[in-house]
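Worksheet: one structure, shown below.
Note that the coordinates shown come from a computational prediction; the quantities given were computed from them, not determined experimentally. Just so it is clear: chains get the letters A, B, ... in the order the sequence lines come, proteins before strands, and each one is counted from 1.
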Protein chains: 2
Amino acid sequence: MAERRVRPTIHDVARRAGVSATTVSHTFSGKGVVAAGTREHVREVARAMGYRPDAVARGLRNNRLGVIALVLRPLETLDSFLPEGVDYFLRFAGQAALAAMELGYGLMLVSDPTQDSSPAAALACDGFLITEPVQNDPLVAMLTEERMPFLTVGRDPENAGYDSWIDTGTTPMTLQVLDHLRGSGARRIALVTGTDRNSWNIDAEAAYRSWTAQREQDPLVVHQPETAGLAGGSAAYRELFSATSFPDAVYCLTGRHAAGLLTALTEGGLRVPHDVQLIAGSDSEHTRSATPPITAIDLGPELLARVAVTRLANHLDAVDRPIPTGDLQGRLIVRGSTR
Amino acid sequence: MAERRVRPTIHDVARRAGVSATTVSHTFSGKGVVAAGTREHVREVARAMGYRPDAVARGLRNNRLGVIALVLRPLETLDSFLPEGVDYFLRFAGQAALAAMELGYGLMLVSDPTQDSSPAAALACDGFLITEPVQNDPLVAMLTEERMPFLTVGRDPENAGYDSWIDTGTTPMTLQVLDHLRGSGARRIALVTGTDRNSWNIDAEAAYRSWTAQREQDPLVVHQPETAGLAGGSAAYRELFSATSFPDAVYCLTGRHAAGLLTALTEGGLRVPHDVQLIAGSDSEHTRSATPPITAIDLGPELLARVAVTRLANHLDAVDRPIPTGDLQGRLIVRGSTR
DNA sequence: CTGAAAGCGCTAACAT
DNA sequence: ATGTTAGCGCTTTCAG
């Protein structure tokens, strides 16, 4: 391809304005010293010619493109952007895009650049945002090695060697859920987690185990792949409710698992919340529209996204804009599936 | 900032491999002719040094960055990426991102680059995707003028001078909705549209007017801003149902208007669908979770996105990959708000 | 205050 | 088959 260039360059403007390219450059970058009159004149000529600075040429020179890359880790396994069940990531991406624009950055959605199928442009970005990195995430390793600035939302569970991550408050949130269930009468609470090795799954399970240990309750944990969706919920039902002693409450980290489990429970003749209480770790359309609607955590991805983008952009620009404040920890939305 | 460069360049590799920069360039671009042995050797050295081609430098040289920009027009007025009500755009963006990656592009979410608040990087993109351009869209004009490839989803309703747009089938879809309502007994059907001057609103209204004219029915059209959300639905209710003669069915293009209208109807003592039938033009969480659930059109944004990205990328790469097939026209999901 | 010249990392002629 | 050279558009010393 290589379409012929039609946009005027800094030289075209310089020639028409009767000044040097340097002066034009200074006018637009605000760096050097340009007499007010000259600057106005250059601006005028540039506008008339439809000149706009070329971000790529600038990027080459300044080593800075003005783009933040976003890697939505779990989407690469889920392989679907359907709002059902991945609600969280879409809300995150959308808000991140808005926040980035407000700070003068574009937000690029990319797949993992350690796979070489990923677009080459990914590595041209100024910094990376990674939601829910997995254990010993190869991307974290690569970015560290290449000294590319990055920030993860949730931490890499095994990598102690970096501190650029945002705590999503999984541990206290898990304890709050368990206390809530106990407070409404549950005595034998089971946990259903996904199989991705991210801090979301790992920290929740750890918190659950320590909570049950303190109460001398036997932990009852089931793992189902995130990708199994509703079917993962049925599978969890079969694992949990075929034993002699049933749980009287289940905490499902994934909304789709919770919805699938709810269906299986109902079909199996168990009433929710009367016989079994149910909470989902991530609010989504599935939890909201289930019958009964499922109590769930709204993780507040919008705020997380704004915080993440602002922190990363502050780092990139070496400035100190205020970080949006608020509770990063998520909020329990109590619905009909708990008492 | 301008962090010091740590990545090796093509020259570093060339020196270490004992060849010229051209040879290194050729081995990586696959363009020139390089002896198999040399190529292997260069690859080896490059890997050892951790060399990766710099996408920005390539971009400058080739006038091609490997990035597609996505402008979600209505979001700029809605100013929120919340899934409630803008469901469509999130599904579109997510699927577009995946499709772009599969074709070797990154997808960048940008705001309108004709506003100069927009990130400079926006104009560095290889092509633009614009959902629902508005009448005489300034962005369409600018891209045309700059000879930047672009594709709009829905057409610019006033601009006959371009053909790079995807027909979302608004007209036949509108007729289908009206026929559906008539088929279930409606005799006086009202239309509620948004106020954005895009083909979605304009074509639907035109189709509605011609349909009513053919049946010698008086057209009954109400306009409410998209941004009014649920309140726009209440406002539409007051406009439509304070006259002496009420409609017995309403087609609301916007899901949130439909949900607001439904609430107002119920509070006004009218039963849906018994007294008034209701259809929404765009499926969303609001229509799905209303009581009763609202019959709505699923516009199938995933397919639209894949088609749009593939067409644009084909154009950019001057190749002819197959375009995903399927019905771009949307599908009526019949629920409790119609008989 | 303004301009000439060098070069960011890569590629495309054009030699050799 | 490989190397030399001249830029892509912009910024940045450094002289004037």
Side-chain angles (χ1 to χ4, degrees), chain A residues 1-43 45-46 49-66 120-121 123-126 146, chain B residues 1-43 45-46 49-66 120-121 123-126 146:
Chain A
M1 285 299 286
E3 312 253 333
R4 224 193 72 267
R5 175 132 206 130
V6 297
R7 283 168 56 188
T9 78
I10 211 173
H11 287 105
D12 301 328
V13 177
R15 200 171 321 118
R16 279 270 286 262
V19 298
S20 79
T22 309
T23 303
V24 180
S25 172
H26 284 164
T27 307
F28 282 96
S29 68
K31 290 272 176 77
V33 198
V34 184
T38 318
R39 187 170 43 234
E40 275 322 303
H41 178 229
V42 170
R43 280 236 145 80
V45 172
M49 301 179 71
Y51 167 80
R52 305 211 178 224
D54 181 325
V56 179
R58 270 195 175 166
L60 178 60
R61 201 44 247 236
N62 298 341
N63 222 346
R64 179 190 179 293
L65 232 200
L123 283 169
C125 294
D126 303 324
E146 302 226 342
Chain B
M1 283 301 283
E3 314 250 332
R4 225 194 71 268
R5 175 137 206 125
V6 297
R7 285 167 53 187
T9 77
I10 211 171
H11 288 106
D12 302 329
V13 177
R15 201 171 321 117
R16 278 270 284 263
V19 298
S20 79
T22 307
T23 304
V24 180
S25 173
H26 283 165
T27 46
F28 282 97
S29 68
K31 290 272 175 78
V33 199
V34 184
T38 316
R39 188 169 43 232
E40 274 320 302
H41 177 229
V42 170
R43 280 237 145 80
V45 172
M49 300 178 72
Y51 167 80
R52 303 204 179 234
D54 181 325
V56 179
R58 271 194 173 168
L60 178 59
R61 191 55 242 230
N62 298 339
N63 225 340
R64 181 191 178 292
L65 234 199
L123 283 169
C125 294
D126 302 324
E146 303 223 342

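- DNA chain D is contacted by Val33(B), Val34(B), Ala35(B) of residues 27-36 of chain B, taking any non-hydrogen atom closer than 4.0 Å.
- Ser25(B) has no side-chain polar atom (N or O) that falls below the 4.0 Å cut-off from OP1 or OP2 of dC10(C).
- Contact annotation for Arg58(B): backbone-only contact, meaning every heavy-atom pair under 4.0 Å involves sugar-phosphate atoms and none involves a base.
- Going from atom CZ of Arg15(A) over to atom P of dT2(C) covers 19 Å, rounded to whole Å.
- Here the closest non-hydrogen pair linking Ala120(A) and Ala55(B) is O-CB, 3.5 Å.
- Counted within 6.0 Å of CZ on Arg16(B), heavy atoms from surrounding residues, nucleotides or ligands total 12 or fewer; the atom is thus considered open.
- Nearest nucleotide to the side chain of Ala57(B), out of dC10(D), dG9(C), dA13(C): dG9(C).
- Rounded to an integer number of Å, the gap from Leu60(B) CG to dA6(D) P is 18 Å.
- Atom CG of Leu123(A) and atom P of dG9(C) are 15 Å apart (whole Å).
- Side-chain nitrogen and oxygen atoms of Thr9(B) include none within less than 4.0 Å of the OP1 or OP2 phosphate oxygen of dC8(C).
- Rounded to a whole Å, the NE2 atom of His11(A) is 8 Å from the P atom of dC10(D).
- Glu146(B) and Leu123(B) make their closest contact through OE1-CD2, 4.3 Å (heavy atoms, listed as atom of the first residue, atom of the second, distance).
- Summarising the geometry of Val34(B) relative to Thr38(B), their closest heavy-atom pair is CG1-CB, 3.8 Å, with the distance given to 0.1 Å.
- We find that CD1 of Ile10(B) is positioned 8 Å from C1' of dT11(C), with the value rounded to whole Å.
- Residue Ser20(A) has a polar side-chain atom (N or O) positioned under 4.0 Å from OP1 or OP2 of dG3(C).
- Looking at heavy-atom distances under 4.0 Å, Val19(A) makes contact with sugar-phosphate atoms alone, never a base.
- A cation-pi arrangement is present between Arg43(B) and Phe28(B) under the rule of less than 6.0 angstrom and at most 45 degrees off the ring axis.
- Taking atom CG of Asp54(A) as the reference point, atom P of dC8(D) lies 12 Å away to the nearest angstrom.
- Applying the 4.0 Å criterion to OP1 and OP2 of dT2(D), one finds that Thr38(B) has a side-chain N or O inside that range.
- No donor-acceptor pair under 3.5 Å is formed between the side chain of Arg15(A) and the backbone N or O of Ala21(A).
- In this structure, NE2 of His26(B) is placed 11 Å from C1' of dA1(D), rounded to the nearest angstrom.
- Residue Arg61(B) contributes atom CZ, which lies 11 Å from atom C1' of dT5(D) at whole-angstrom precision.
- With dT12(D), dG3(D), dT2(C) as the choices, the nucleotide that has an atom nearest any side-chain atom of Thr23(B) turns out to be dG3(D).
- For the pair Tyr51(A) and Ile10(A), the minimum side-chain heavy-atom distance is below 4.5 Å.
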